[in-house]
Novice: 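Starting off with a structure, shown below.
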Amino acid sequence: MVTEILDRLNPWQREAVLDDSDTCVVNANVGSGKTTVLIAKLLYLYYVKNIPYSRMIVLTFTHKAAEEIRTRLECREGNLAAEQLTGFGTFHSVAYRLLKQTLPVEELGYTREFTVLLPEQELELAGELIRREGFKIKYPARLSKRLETAARLGPGGRDSVEGKRLDKLRDDIWLLAEELKREKRRRNTMTFQELLENAEVLLGKYPINPEWIVIDEVQDSDQRQLAFLDALRGRGARLFAVGDPNQVIYGWKGSSINACFTLVHRYGAREMTLPMNYRSGSRILEAAGRFKQYGDKLTGSRDSLGQIKIRQAYDPLGEAYYLAEQIRGLGQSGVPLEQIAIFYRLQAQAQQLTDVFTREGIPHLVVARRERDSGEAYLEEEGVSLYSQEMGLSRGEGHWAKPGVRLMTLHASKGLEFTHVFIIGVNYGLIPLRSGGFDEEEEERRLFFVGMTRARDYLELSYYTQPGMPGVVSGESRYLQMIPQRLVERVENGMMTDLAEYTAENMPAGKESGAETEVSPDVSRRVRHVRYGVGTVIQESPECIAVDFGELGTKSFIKEFVDLEDVGEP
């Protein structure tokens with residue numbers, strides 16, 4: 001079995017699987033077969049190195065990733081007993097099981113019946129303590145973040161830079177943090193962060209000494225997770241970590257661009273690379289490479305493939321109608337709708353799309369990242385779930401459970417792939433967002449890189465000339481100017497034409513904004529349209545014009561937004 005698997009790997013993948021270093025960090029470029037390598041590594045350890053699954057710890061950052069690993073193992077192994085996979089799961093779920101089943105949690109003042117406190121529940125408890133104890137707390141809207149900082153620093157951290165920043169408000173935040181900690185113990189409950197903290201403390205006294213630790217998406221690790229990893233490793237576990245520092249997009253959650261490099265320097269790890277991308281066409285890869293910050297040039301396996309368009313849109317409404325038309329055409333040509341995705345920077349941008357798609361009869365689903373229930377406790381993870389008017393949809397193995405074009409933020413796109421991707425609103429103020437410093441700007445670039453590399457065959461990037469959103473600058477973002485023009489096809493005015501046509505066709509004849517407008521026929525004039533060719537004007541008002549293009553039918557336009565060349569009388 002293992003020989004058969006190894007034979008299907010490329011040289012870089014095979015070298016990583018066979019590596020027996022004490023610590024190996026694999027920089028897996030986007031689309032390079034990371035999960036394939038992880039599964040092959042586990043099977044190699046089990047069949048060749050005779051390491052039982054129960055002696056492995058396999059850490060992921062999403063429940064989806066953990067389930068995929070379990071499923072793919074069971075496809076080869078048959079059903080595996082739950083006790084064999086106790087160490088397989090997200091950081092939080094593994095810590096949870098250790099505290100429930102293995103470590104003496106009683107030493108920390110809890111019982112094994114402890115529960116996990118949701119973030120909103122912790123905030124409610126804090127409010128209860130503020131009222132009960134009469135604590136003086138300023139700016140309640142910032143309480144959650146300030147409590148998180150105070151808990152992380154502890155009383156000994158008051159003299160740190162962050163601690164002094166907390167003290168500037170001169171309120172009772174430190175007293176509240178300490179009382180909240182005591183109250184949670186009295187109630188036998190802990191937060192997600194405390195799952196890791198408490199497990200780390202007990203592992204220092206009661207090591208479990210696994211033989212191997214395997215980590216997926218290690219670049220997303222924060223300092224707390226790295227400390228938990230240190231405690232898990234104990235005295236001699238070997239470590240195999242896979243990640244891509246170019247895909248760190250959760251800086252606001254505390255993930256660190258240095259996680260991969262930290263492991264390399266902390267443990268003297270062997271560093272390897274998976275350079276071959278099996279997903280995107282070569283043009284898409286080369287364009288995305290302009291936003292790649294670490295490692296060598298991306299190597300693609302699909303030479304001379306991939307199409308990129310940069311399109312000028314008038315505003316979000318016109319673009320939504322244009323996208324509806326494009327999606328309808330792709331569907332009619334045989335492209336599965338679930339292989340089409342539209343990415344945007346802010347979740348609020350989805351509303352215009354869903355309104356228009358509903359009106360136009362375009363099946364669609366909004367993909368959102370949200371916290372999910374692990375089945376044992378509600379553990380905070382970035383799992384992908386789908387919602388629309390029908391709730392509870394999910395992605396099945398190798399396919400989507402429901403048809404329809406996918407609408408999602410760039411953050412939600414991570415880990416997914418589609419044949420056709422549209423990234424909208426590439427204006428400064430959206431992509432990228434206005435940043436507060438170098439680190440935020442670099443993360444915006446990585447986020448755009450992630451979005452671009454979700455596309456297999458077709459990538460379209462668009463910007464607004466009239467964005468109509470506060471803080472968003474008209475015209476294309478500098479990101480579009482960073483892409484070599486030889487890689488793209490530019491469509492400068494098409495979206496303005498599309499807006500005119502769609503708006504006019506949905507407007508009652510002879511009326512605009514409720515006012516009567518005089519319409520007069522004019523059959524003596526012919527005009528040329530960039531898409532439809534030469535046609536005859538059959539109706540015209542000060543605002544709108546209707547043109548008969550023969551076999552292509554009659555099209556109506558708003559004059560302000562359409563270029564029609566006058567070619568004279570018939």
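Numbers here simply count residues along the sequence, with the first being 1.
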Novice: Partners of E183 by side chain to side chain contact (heavy atoms under 4.5 Å, CB included), sequence neighbours excluded?
Specialist: L125, L129, R132, E179, R186, R187
Novice: List the residues meeting side chain to side chain contact (heavy atoms under 4.5 Å, CB included) with R55, not counting sequence neighbours, and say none if there are none.
Specialist: I51, P52, E211
Novice: If you measure from CD on E113 to OG1 on T111, what distance do you get to the nearest 0.5 Å?
Specialist: 4.0 Å
Novice: Could you check if a side-chain atom of L317 sits within less than 4.5 angstrom of a side-chain atom of V356, using non-hydrogen atoms only?
Specialist: yes
Novice: Salt bridge (Lys or Arg N to Asp or Glu O under 4.0 Å) between R238 and D22: does it pass, once the steps are laid out?
Specialist: CA-CA 5 Å; R238 292 184 176 180; D22 285 344; 3.5 Å; yes
Novice: Between R146 and D171, does the salt bridge (Lys or Arg N to Asp or Glu O under 4.0 Å) criterion hold? Intermediate values first, please.
Specialist: CA-CA 11 Å; R146 296 183 71 221; D171 60 6; 2.8 Å; yes
Novice: Provide the closest heavy-atom pair for H63 versus T90 in the form atom of the first, atom of the second, distance.
Specialist: N-CG2, 3.8 Å
Novice: Would you say L196 and F91 make side-chain contact, with heavy atoms under 4.5 Å?
Specialist: yes
Novice: Could you report the tightest heavy-atom contact between R478 and P432, atom names first, then the distance?
Specialist: NH2-CG, 3.8 Å
Novice: Go through it in stages, so that I can follow the logic: the residues are I57 and L59, the test is side chain to side chain contact (heavy atoms under 4.5 Å, CB included), and I'd like the CA-CA distance, side-chain angles, deciding distance and then a yes or no.
Specialist: CA-CA 6 Å; I57 299 290; L59 299 172; 3.8 Å; yes
Novice: Tell me yes or no: between the side chains of T86 and Q101, is some donor less than 3.5 Å from an acceptor?
Specialist: no
Novice: Is there a side-chain contact between V473 and R434, using heavy atoms and a 4.5 Å cut-off?
Specialist: yes
Novice: Which residues pass the ring pair (Phe, Tyr, Trp, His ring centres under 6.0 Å) test with Y479, sequence neighbours left out?
Specialist: F291, F448
Novice: Before you tell me yes or no, could you show the steps for L323 and I424 under side chain to side chain contact (heavy atoms under 4.5 Å, CB included), namely the whole-Å CA-CA distance, both residues' side-chain angles and the distance that decides it to 0.1 Å?
Specialist: CA-CA 10 Å; L323 289 169; I424 66 174; 4.0 Å; yes
Novice: Sequence neighbours left out, what passes side chain to side chain contact (heavy atoms under 4.5 Å, CB included) with A66? Give chain and number order.
Specialist: T60, R70
Novice: With side chains defined as the heavy atoms from C-beta onward, is the minimum distance between R224 and E200 less than 4.5 Å?
Specialist: yes
Novice: Could you walk me through whether Y53 and E83 pass side chain to side chain donor-acceptor pair (under 3.5 Å), step by step?
Specialist: CA-CA 9 Å; Y53 291 128; E83 56 268 20; over 6 Å; no
Novice: Between atom CD1 of I342 and atom OG of S413, what is the distance when rounded to the nearest 0.5 Å?
Specialist: 13.0 Å
Novice: So, S93 side chain and G89 main chain: donor-acceptor pair closer than 3.5 Å or not?
Specialist: no
Novice: Quick one: NZ on K414 to OG1 on T409, what's the gap to the nearest 0.5 Å?
Specialist: 12.5 Å
Novice: Between N427 (side chain) and Y464 (backbone), is there a donor-acceptor pair under 3.5 Å?
Specialist: yes
Novice: How would you list, by chain and number, every residue that makes a side chain to side chain donor-acceptor pair (under 3.5 Å) with S21, sequence neighbours excluded?
Specialist: D19
Novice: What are the two closest non-hydrogen atoms of L176 and A126, and how far apart are they?
Specialist: CD1-O, 3.9 Å
Novice: What do you reckon, is CZ of R170 surrounded by more than 12 foreign heavy atoms closer than 6.0 Å?
Specialist: no
Novice: Give a yes or no on whether a salt bridge exists between R446 and E443, defined as a side-chain N under 4.0 angstrom from a carboxylate O.
Specialist: yes
Novice: So does R72 pair up with E68, basic N to acidic O under 4.0 Å?
Specialist: yes
Novice: Would you indicate whether the side-chain heavy atoms of I431 and E444 approach each other to under 4.5 Å?
Specialist: no
Novice: Measure the shortest side-chain to side-chain distance between M190 and L99 over non-hydrogen atoms and say whether it is less than 4.5 angstrom.
Specialist: yes
Novice: Where do A324 and F357 come nearest, in terms of heavy atoms and distance?
Specialist: N-CE1, 3.7 Å
Novice: Suppose we screen for salt bridge (charged side-chain N to carboxylate O under 4.0 Å, His left out). Which residues come up paired with R235, at least two apart in sequence or across chains?
Specialist: none
Novice: Within the side chain of T189, is there an N or O that forms a donor-acceptor pair under 3.5 Å with the backbone of R185?
Specialist: no
Novice: Looking just at side-chain N and O atoms, do E271 and N27 make a donor-acceptor pair shorter than 3.5 Å?
Specialist: yes
Novice: Can you tell me how far apart SG (C24) and CG (L239) are? Round to the nearest 0.5 Å.
Specialist: 9.0 Å
Novice: Does NZ or CZ of K41 lie under 6.0 Å from the centre of the six-membered ring of F240, at an angle within 45° of the ring axis?
Specialist: yes
Novice: Scan R279, R406, R454 and name whichever one has a salt bridge (Lys or Arg N to Asp or Glu O under 4.0 Å) with E417.
Specialist: R279
Novice: Name all residues meeting the ring pair (Phe, Tyr, Trp, His ring centres under 6.0 Å) criterion together with F422; count only those two or more places apart in sequence or in a different chain, and write none if there are none.
Specialist: Y458
Novice: Provide the full list of ring pair (Phe, Tyr, Trp, His ring centres under 6.0 Å) pairs with a residue in residues 114-163, sequence neighbours left out, each pair given once.
Specialist: Y96-F114
Novice: Are more than 12 heavy atoms, taken from residues, nucleotides or ligands other than K164, located less than 6.0 Å from that residue's NZ atom?
Specialist: no
Novice: Quick one, I423 and Y463 - any side-chain contact, counting heavy atoms below 4.5 Å?
Specialist: no
Novice: Which atom pair, heavy atoms only, marks the closest approach of A269 to V25?
Specialist: CB-CG2, 4.0 Å
Novice: Would you say K138 has more than 12 foreign heavy atoms packed within less than 6.0 Å of its NZ?
Specialist: yes
Novice: Only pairs at least two apart or in different chains count here, so list each ring pair (Phe, Tyr, Trp, His ring centres under 6.0 Å) that has a residue in residues 150-174.
Specialist: none
Novice: Work out which heavy atom in R158 is nearest to a heavy atom in D167; give both atom names and the distance.
Specialist: NH2-OD1, 3.0 Å
Novice: So among E122, E128, E197, E178, which one has a salt bridge (Lys or Arg N to Asp or Glu O under 4.0 Å) with K184?
Specialist: E122
Novice: Okay, side chain of Q352, backbone of Q349: is any donor-acceptor separation there less than 3.5 Å?
Specialist: no
Novice: Measure the CG-CD1 distance between D172 and I130 for me, rounded to the nearest 0.5 Å.
Specialist: 9.0 Å
Novice: I'd like to check the side chain to side chain contact (heavy atoms under 4.5 Å, CB included) partners of S160; sequence neighbours left out, ordered by chain and number.
Specialist: L153, E162
Novice: Sequence neighbours left out, what passes side chain to side chain donor-acceptor pair (under 3.5 Å) with T191? Give chain and number order.
Specialist: E194
Novice: When rounded to the nearest 0.5 angstrom, what distance separates OG in S474 from CG in D315?
Specialist: 11.0 Å
Novice: Does some side-chain heavy atom of R345 sit less than 4.5 Å from a side-chain heavy atom of L447?
Specialist: yes
Novice: Considering residues at least two apart in sequence or located in another chain, which fulfil the salt bridge (charged side-chain N to carboxylate O under 4.0 Å, His left out) criterion with R233?
Specialist: none
Novice: Show the numbers, then the answer: is there a salt bridge (Lys or Arg N to Asp or Glu O under 4.0 Å) between K34 and E217?
Specialist: CA-CA 9 Å; K34 168 181 63 67; E217 301 280 13; 3.6 Å; yes
